[in-house]
Structure formats: C-alpha cells, structure tokens
K.L.:
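Mind having a look at this structure? Questions to follow.
Quick caveat: nothing in here was measured; it's all calculated off a predicted structure.
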Amino acid sequence: MDFYCLKIVKFYTSLIVLLSATLFMSVPIGSTEGSRVDSKKDDHLVAEATTARGYDSNIFLTKKDQKGASMTIIRPRLSLALEPKGALFLNLKYEGYFKFYDRDEYSKENQQDQTASWDLGFKPSRKLRFGVRGEDVVGSVKRDERQNLLRSNGNVVKFNNLLTTLYLEQGIGERWNIDLSWTDTERDYSHQDSKDYEDSKSQRTDAALEYKLKKSFSLRAGYRQTAVDFQETTSDYGEQEGYGGFSWEVKSGLKVSYLYGQAWQEYDFGGQDQKKDHSTTDARLDLSLGQGTTINASYLRSSNYISLWDNQNSSYISDSISVNVRHNLFDHKVNLLLSGRYTVCEFDLIERKDRLWAEDVRLAWQVLKPLLLILDGNFTKSQYTYDLSSRQEYRTDRSWSMRAGLDWKIFNSLLLSLSDRYTLFKYRTEYQDNPDDLTLRKDGYYEASSRLAYSLNKRIGFELLYQYLENRSQDQRTHKNLEDKEYIDHRYSAGLRISF
C-alpha cells in the first residue's frame, strides 16, 4: 500500500472514530424525548452530500490526442456545533471532494481532497477554557504554476498536513489573561518522479500574558519556541522568540495594536551549528469611518520556512505590508473592496530573495432583490528563484485576472449562476549558467461556467453544471503558439444534493 493510500486509511479511521463519538454525543439534541441533557439553541448538526455524474471531454488537457471519459463526483460536507449546559463543547467540520473516472487507465487523474477541523474542549467557568483543536488536510498541489494540474506529467505533489494544538486560556481577576498552547505539525509529501519532497515534524510552544490597564488599553507579552525536524537530509532548525506590545482602542471606530519582538534561530547546517537573530513586528490599524467604510492596514515581520524541496528548504524572514478598504454604497446595495499587498522574503541558507506585489478589486452589486452581480479583478507580480532541475532559475511572473459573475434567484427554489474569468500570465526565466538562454512566455486562460440549481425542499436538491476551459500559450520571442501547452476542455455534470 503506497503513501497516499496509507494516509487515506489513517484519515478515515480517525474520522470514523470522531464521528462515532460525535453522533453518540449528539443524539440528545432535540431527538430523544425526556433526555436529561439540556441543549442550547445554537447547537446544530449539518450533514450534506452531493453526488454527480459527468463527462470530461479532454482529461489530459491536451490539444492533440484528446481523451474523454465519464466520471463520478462526490462532495460530502459535515458541520457540528455542540455545547450542552455543561463544561463540554465540540466544533467539527469536514469537507471532501472526490472525482473518479470510469476507466482504469485514467485513474492517475482521479482527485481526492479532504479537510477536517475540530475543537474539543471544556469551559468549567467563565474565565477558564482548555482543550484540543486541529486540522488535517489531504490533497495535492501544483509543482510549477506554469504547468497544468496533471498527475500524469509529474507536476503534482500529494500531501498530508496534520496540525494538533493543546491550549489553555485562563483569566485571573478582571485584568489578567494567560494563553498557553502547544502545537504539533506533521507534513508528509509524495511525488511519483522525485524524492526531493521531504517530510517534516515540528513542535511549537506559545505562552502569552495580557494585562488590561483599562477597558480600552491593554499590555501583552509572550514567548514562543519552535523546533523543526526534517526526516531526511534537510538541516533542522529551532527558534525562540520573545515579544511585547499593546492594544489600544483609541476611540469608537479606531483601534491600533503593536507587538515587537526578538527571535533567535539555530541551524544544524552541514554538520555545523549556525546561529542568527532577527526582529519581529506585528502592527495593525483598524479604522471605521462610518457610512459603511472600513480600512484595515498592517505591517508584519516574521520568520517561516519552506517544507517542500530539500534543496530549497530554508527558513526565511518576510516583511509584508497590506491595506484593505471596504465601502458600501446606495444603502449597502453595492459593496466595494480594494486591497493591496507587498511582501519581501529573504532566505537564510540559500541565496534567494522573493518579492510579491498583489492588488485586488471586488464589486458586488445587488441589482434587484433576486439578482446579484459580482465583478472582481486581480494583479500579481512575483520575482523569485525556483529550482526545478540542476539549473538555477531566476523568474519573474506576472498575472492579471478579471471575473464577472451573476447569481439570479429565478424562483424561491431555482437559482441560476453564471461566471466568466479570463487570466493572463506572463513569465520571464533566466538561467544562472547561461544568461542568454532566456524564456519569455505568455498564457491566456479562459473559464466559463453555468450552474442551475433546483431545491425540491430543504433536504433535497438537483444541479446541472457546465464548464468551458481554454488555454492559449505563446513564445513571446517568436510569437508562435506552444501547441503542447494549449487545450480546450468541456465538462458536464448532473448531481443530486441531500441534506440531513
């Protein structure tokens, strides 16, 4: 049994155990007459599953030698909030997406993505709360954004990220609060052609102390320790951080917070210990101007690490500035969102520096009560090095994206959704060993979809979905199309949704 199957078995075993306990505990919620367990009104259990049959006209996303096949799609979803009149509480969420092609020779194109999160704890008093929360994500990710999401061409990495946190929140008197937590993270990767994707385990301990000088102003201090253990050849490292700062609600509608810290890192690199220290900052401003206008701005300086390729695994320092502006017009019938972000990442153990610019615009217009129009646009630019082979690459990527969407509630039980998105990618690649070996490429990606959903009642619904996908690629030096990168794909599906 391979890596991925083992993880799926492990995932479902844990889920079944958790669901069994959950369902056993949730039986008294409004279902057993004369039950001794009193439940609150906000306790709820939502279970939903959508099963669809469909057809994909171009499974491998190729221009020539197209292959089509029927497929089955299953989308389960579960949400549970349980808080009886006692100390115990439980929040559980699960979402899955499974796509299986009928023919065995296309099994490598099957898709399985799952996310589960939970928070199980106790609240014996108003000032004490402790428990365990976590998240498990099983899925796949592109190895290179310039390539299609295919299992067959080696561009996909399968992963399982499991995060578990033990926490305690304690209030002392009217002014003191203590937060303690310990987090264990396991990252497992699998790739059919490469062994460069290395698993890792990490532990992080957090301790924070807050003191309220008055209702609108509080002081905060904390300590954090992190240890990362890569399972093969990648250098392990540890980090300790101490920080302090304040949170101040200056007046109604204006809140500022600031934390400054110092971190010390230690590496086991090449059999020799190396140490480095750096500062950390978390500064935020939240401003409400009334009339539906809010501004959020932040500056973050922190450390993190890449956990994918062993020849690039390294901690890095990131400085990020972001601004978000939200504005409501015409009695909240029009919602406008503007956001911008600039991030610089400097790596410690490799000669690499990444820069990222991103801007987003979104407009949501409630044209009529049953009609919602959505327009959004996005621009990103990133500059970074990327090592897909033995040659070091220096890349600049740019992308522009525009989308128009329409949701029309024709009747109370019938919804029509239309969406069109066009994205333009431009790539520039240079190689360290031969600067004259230059790659200039432009990709235009268009996606259109239409969805018709009919609700028979609150528990049963039907949906029809059509998607059109098209990609055009061009070598900007020769202005010739790259036929091996181009494709057109049609996808159809009809599904049944059942809620419990």
K.L.:
Short question: side chain of Asn471, backbone of Tyr487 - any donor-acceptor pair under 3.5 Å?
P.N.:
no

K.L.:
For Asp286, is there an ion pair with Arg284 - N to carboxylate O distance below 4.0 angstrom?
P.N.:
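A salt bridge is absent here (no side-chain N lies under 4.0 Å from a carboxylate O).
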
K.L.:
What pairs of donor and acceptor atoms, side-chain ones from residues 71-78 against any protein atom, are under 3.5 angstrom apart with sequence neighbours left out?
P.N.:
| residue | atom | partner | partner atom | Å |
| --- | --- | --- | --- | --- |
| Thr72 | OG1 | Arg53 | NH1 | 2.7 |
| Arg75 | NH2 | Glu463 | OE2 | 2.9 |
| Arg77 | NH2 | Glu48 | OE1 | 3.4 |

K.L.:
My understanding is that only residues two or more places apart in sequence, or in another chain, count here; which of them pass salt bridge (charged side-chain N to carboxylate O under 4.0 Å, His left out) with Arg459?
P.N.:
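None.
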
K.L.:
For the pair Asp475 and Lys480, find out whether any cationic side-chain nitrogen is under 4.0 Å from an anionic carboxylate oxygen.
P.N.:
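Salt bridge absent between Asp475 and Lys480.
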
K.L.:
With distance as the sole test, does Asp199 use its side chain to make a donor-acceptor pair with the main-chain N or O of Tyr189 at under 3.5 Å?
P.N.:
yes

K.L.:
Residues in side chain to side chain donor-acceptor pair (under 3.5 Å) with Thr280, at least two apart?
P.N.:
Glu241

K.L.:
Does Arg326 reach the side chain of Asn335, with side-chain heavy atoms less than 4.5 Å apart?
P.N.:
no

K.L.:
Are the side chain of Ser57 and the backbone N or O of His490 linked by a donor-acceptor pair below 3.5 Å?
P.N.:
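Answer holds: yes.
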
K.L.:
If you draw a 6.0 Å radius around CH2 in Trp400, do more than 12 non-hydrogen atoms from other residues or ligands fall strictly inside?
P.N.:
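It does: Trp400 CH2 has more than 12 such atoms within range.
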
K.L.:
Tyr466 vs Tyr492 aromatic rings, parallel, tilted or perpendicular, using cut-offs 30° and 60°?
P.N.:
tilted

K.L.:
Could you pull out all residues at least two apart from Glu447 that satisfy salt bridge (charged side-chain N to carboxylate O under 4.0 Å, His left out)?
P.N.:
none

K.L.:
Please evaluate residues Tyr468 and Glu470 with respect to the criterion side chain to side chain donor-acceptor pair (under 3.5 Å), reporting the C-alpha separation (whole Å), side-chain torsions for both, the decisive distance (0.1 Å), and the verdict.
P.N.:
CA-CA 7 Å; Tyr468 173 83; Glu470 181 178 356; 2.7 Å; yes

K.L.:
So, do Ile460 and Leu496 sit near enough that their side-chain heavy atoms are less than 4.5 Å apart?
P.N.:
yes

K.L.:
Listed by chain and number, what are the ring-ring contact (aromatic ring centres under 6.0 Å, His included) partners of Tyr55, not counting sequence neighbours?
P.N.:
none

K.L.:
Between Tyr237 and Phe230, is the ring centroid distance below 6.0 Å?
P.N.:
no

K.L.:
Within the structure provided, determine whether Ile410 and Pro370 are in side-chain contact (heavy-atom separation under 4.5 Å).
P.N.:
no

K.L.:
Indicate yes or no: does Lys93 engage Glu95 in a salt bridge with an N to O separation below 4.0 Å.
P.N.:
no

K.L.:
Can you tell me if CG on Asn412 sees more than 12 non-hydrogen neighbours from other groups inside 6.0 Å?
P.N.:
no

K.L.:
Are Lys409 and Asp407 ion-paired here, with the side-chain N under 4.0 Å from a carboxylate O?
P.N.:
no

K.L.:
Look at the side chain of Arg477 and the backbone N and O of Leu438, then say whether any donor-acceptor pair between them is shorter than 3.5 Å.
P.N.:
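At least one qualifying donor-acceptor pair exists.
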
K.L.:
Taking the side chain as everything from C-beta on, heavy atoms only, tell me whether Gln383 gets closer than 4.5 Å to Trp357.
P.N.:
yes

K.L.:
Could you check Tyr445 against Leu469 for side-chain contact (heavy atoms from CB on, under 4.5 Å), going step by step and ending with a plain yes or no?
P.N.:
CA-CA 8 Å; Tyr445 180 76; Leu469 309 175; 3.4 Å; yes

K.L.:
Apply the test salt bridge (charged side-chain N to carboxylate O under 4.0 Å, His left out) to residues Arg403 and Asp376: give CA-CA distance (whole Å), side-chain angles for both, the deciding distance (0.1 Å), then the verdict.
P.N.:
CA-CA 5 Å; Arg403 182 180 76 95; Asp376 61 45; 3.0 Å; yes

K.L.:
Can you list every salt bridge (charged side-chain N to carboxylate O under 4.0 Å, His left out) pair that touches residues 357-373, not counting sequence neighbours?
P.N.:
none

